[in-house]
Every structure is written in structure tokens, then in C-alpha cells.
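Input: a single structure, listed below in C-alpha cells.
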Amino acid sequence: MVKRVKTAVFPVAGLGTRFLPATKAMPKEMLTVVDRPLIQYAVDEAREAGITHFVFVTGRNKGVIEDHFDRQFELETTLESRGKTAALEALQKDLPSAGRTSFTRQQEPLGLGHAVWCARDIVGDEPFALLLPDMLFKSRRGVLKQMVEAYEEIGGNIIAVEEVPHQEVSSYGVVGRGEGSDAGFRITDMVEKPKPQDAPSNLIISGRYILQPEVFNLLADQPRGAGGEIQLTDAMQTLMHTQPFAGVKYEGQSFDCGSKVGFLTANVAYALDRDDIADGFLTSLGKLGLHTALIDGMKIAAE
């Protein structure tokens, strides 16, 4: 029997410099894909996977994230008085129940590993999920749910992976693939941004993890790595000596919303998947002079 994963950690302290000036006063995690903030998609994915405790590692100027997951009585009262019950129910549905959210500060921008370490006292001696809100996944079953199913079968540490062209591996963390199916194979190696000729595979780490609590002890003493930051990958490489790691090549499509192109692509994909706006969106795209064949191709891709 493995310990159930009940807690998820969301690192949301980043400055979002690639989206300035939009992120000067607004957290990048609150940028919207259609009409939902990125952080809401990540929380929804975690909740689908059975997570009941949501831990946010925040920084300065991130208070709006906490406000987003709180009740707004003035707004709720206004919606109720105007008979907008559907909007009110949607707001209430999105909120974790009372006492299910925790917030802690990362006072210095020392990297992902440091952000994870900042959550140590809240998580405690339990396995936990780690979700990077920049990564958005469109799939029938949430990526974390797929990972939890693998974890309940094999235990240990689980990493979501996807394939990229071999020449692009130098931009990512890459894993070596051992025995097992796509739903849960043994990870034999882990390399951060290798040269294509040195990469153990073309399977990259995709921003979703299930980790055992022993990683906190390693992060506490972890020397600074690339960029002068405390790297989570370095700690996981050390943990591999004593604990198993498995990869899940998930079913679904990813969008790197930390980049402008990925963010804009996600908006198009999610807009085309919405029955209430897809037709109008396609009509508006046509008015921009886009070729009819291109629009038809976008619609087929969304279906």
C-alpha cells in the first residue's frame, strides 16, 4: 500500500518577466486562457486527481491569487440579486472548501527547488504533487489523474513526460527510459538541458510531479546549480539513488503558457473547444482575412 497523495504544491512566486508589462502588477498565473486564470486550470486538474489540500508558494504582489480563491461577498450578492445564478454557481464551484488552501512565501527568487522547499512544513512527511501553472494540459483525463493512477500501482516518484523532436531537447530536462509501458515506465537517468547528442532520449519533463517527502531534506542542503538557483532536478537526481522514479507519457496536449506563443496557442485551442464561442470566434478569424482552409483545419484540430 502506498500513501495517498492528498496535497498539491503550486509554485506561483515567479516574476513573469516574459509577459511584461502585463505582469507588472498582475501575477502571470492570473493571465486568462479564454475566461479562466492559468492557476485555476492547475487547481481544477489537481482536484480532479483527488487532491484535497492546495499549497501556494507565493511572493510579493501575489495577493490577488489568494483573493481569487476566497469568497467575494459583494460580487456574490450582486449576482444573486440580478438572478445570475449560473455565474454564481460557477464561482462557488471553483472555490476549494474552507481550510483547504495554504499560502507561504518564497522571499527570494532562488529557483524551483527553493520554492518547493518553502512548502516543507505545510506538506510534512507525506507524498505530494507538484504542478507548474505555466504548463497547461488539454486532455480527456487530467494529466495529474493519469499520474496518480500510476502512483497507486507502483508508488515511488512519478514524472509526467512528453516527446519532442530530438534537436529540441537542449531546452528541457530529459529522462532516460527503462522498462515499462507509457502509463508507467522506469526512469533510468535525468539530465538538465543536454546537448542532443548527449540526451538519453527525447522524453522531456513536463511540469507535473509526484514526489516523496525525502526530497525536502535534499533541497535543504542542495548547492546552487544552473543560474545560481536551487534546482529541483539536481535533488531528484540524488533521490534516484535511493528511491525509484517512473515516467508517465501522458495522453493529451500541452501548452507552455510561460511563452507568448504557447499562451496564444492555448487561447485559440480552448476557444475552439467552447460551444458557446467557437462559431463566433471562427467568424471573427475569417474577418481578419485568414484563409478558409486554415480556419477549417483549426476547427477540425479542436474537434
Checklist entry - Once the angle between the rings of Phe10 and Phe54 is folded into 0 to 90°, is it parallel (under 30°), tilted (30 to 60°) or perpendicular (over 60°)? => result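 Phe10 and Phe54: parallel rings.
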Checklist entry - Relative to the ring of Phe56, is the ring of Phe103 parallel (under 30°), tilted (30 to 60°) or perpendicular (over 60°)? => result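 Rings of Phe103 and Phe56: parallel, as their planes differ by under 30°.
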Check [X] against [Y] and note the closest heavy-atom contact, atom names and distance.
X: Pro196; Y: Val169; value: CA-CG2, 3.7 Å
X: Asp125; Y: Lys3; value: O-NZ, 3.4 Å
X: Ile51; Y: Lys6; value: CG2-O, 3.4 Å
X: Thr32; Y: Phe263; value: O-CZ, 3.2 Å

[X] (side chain) donor-acceptor with [Y] (main chain) under 3.5 angstrom:
X: Asn202; Y: Pro165; answer: no
X: Asp256; Y: Met135; answer: no
X: Gln106; Y: Ala13; answer: no
X: Ser81; Y: Thr78; answer: yes
X: Arg18; Y: Gly258; answer: yes
X: Gln146; Y: Arg141; answer: yes
X: Glu162; Y: Ile204; answer: no
X: Arg186; Y: Phe245; answer: no

Next on the checklist: Is a donor from one side chain sitting under 3.5 angstrom from an acceptor on the other, for His68 and Gln40?
Outcome noted: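 Short answer, yes.
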Neighbour count above 12 (heavy atom, 6.0 Å) for [X] [atom1]:
X: Lys260; atom1: NZ; value: yes
X: Glu153; atom1: CD; value: no
X: Gln197; atom1: CD; value: yes

Between [atom1] of [X] and [atom2] of [Y], what distance do you get to the nearest 0.5 Å?
X: Asp273; Y: Lys138; atom1: CG; atom2: NZ; result: 3.5 Å
X: Leu219; Y: Leu211; atom1: CG; atom2: CG; result: 9.0 Å
X: Asp44; Y: Leu144; atom1: CG; atom2: CG; result: 12.0 Å
X: Asp198; Y: Lys193; atom1: CG; atom2: NZ; result: 16.0 Å

Item to check | Audit row: Glu192, Gln231, side-chain hydrogen bond (donor to acceptor under 3.5 Å, both in side chains) steps and yes/no | outcome: CA-CA 10 Å; Glu192 187 67 29; Gln231 298 291 341; over 6 Å; no
Can you find a heavy atom in the side chain of [X] that is under 4.5 Å from one in the side chain of [Y]?
X: Leu272; Y: Val268; result: yes
X: Leu132; Y: Pro11; result: yes
X: Ile205; Y: Met190; result: yes
X: Thr7; Y: Glu126; result: no
X: Phe185; Y: Leu203; result: yes

Checklist entry - Are Arg140 and Glu251 close enough for a salt bridge, meaning some N to O gap below 4.0 Å? => result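 The answer is no: the pair does not qualify as a salt bridge.
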Shared hydrophobic cluster, [X] / [Y] (ILVMFWY, side-chain heavy atoms < 4.5 Å):
X: Val5; Y: Tyr209; result: no
X: Leu130; Y: Val161; result: yes
X: Leu38; Y: Val64; result: yes

Next on the checklist: Can you tell me which residue among Thr17, Thr23, Asp134 is in a side chain to side chain donor-acceptor pair (under 3.5 Å) with Lys28?
Outcome noted: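 Result for side chain to side chain donor-acceptor pair (under 3.5 Å) with Lys28: Asp134.
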Name every donor-acceptor pair, under 3.5 Å, that has one atom in a side chain of residues 115-122 and the other anywhere in the protein, sequence neighbours excluded.
unit_1, atom_1, unit_2, atom_2, d
Arg120, NH1, Trp117, O, 3.1

Checklist entry - For Val191, which fellow cluster members are found when Ile, Leu, Val, Met, Phe, Trp and Tyr are connected by side-chain heavy-atom distances below 4.5 angstrom, either directly or through intermediates? => result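 The other cluster members (ILVMFWY side chains, heavy atoms under 4.5 Å, direct or chained): none.
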Next on the checklist: Quick check on side-chain contact (heavy atoms from CB on, under 4.5 Å): which of Val2, Val148, Asn157 does Ile210 satisfy it with?
Outcome noted: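 Going through the options one by one, the only one that passes is Val148.
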Checklist entry - With sequence neighbours left out, which residue pairs that include part of residues 57-70 fulfil the salt bridge (charged side-chain N to carboxylate O under 4.0 Å, His left out) condition? => result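 Counting only pairs at least two positions apart or across chains, the salt bridge (charged side-chain N to carboxylate O under 4.0 Å, His left out) contacts touching residues 57-70 are Glu29-Lys62.
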Item to check | Near-ring test Tyr41/Phe255, centroid separation under 6.0 angstrom | outcome: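 Between Phe255 and Tyr41, the centre distance exceeds or equals 6.0 Å.
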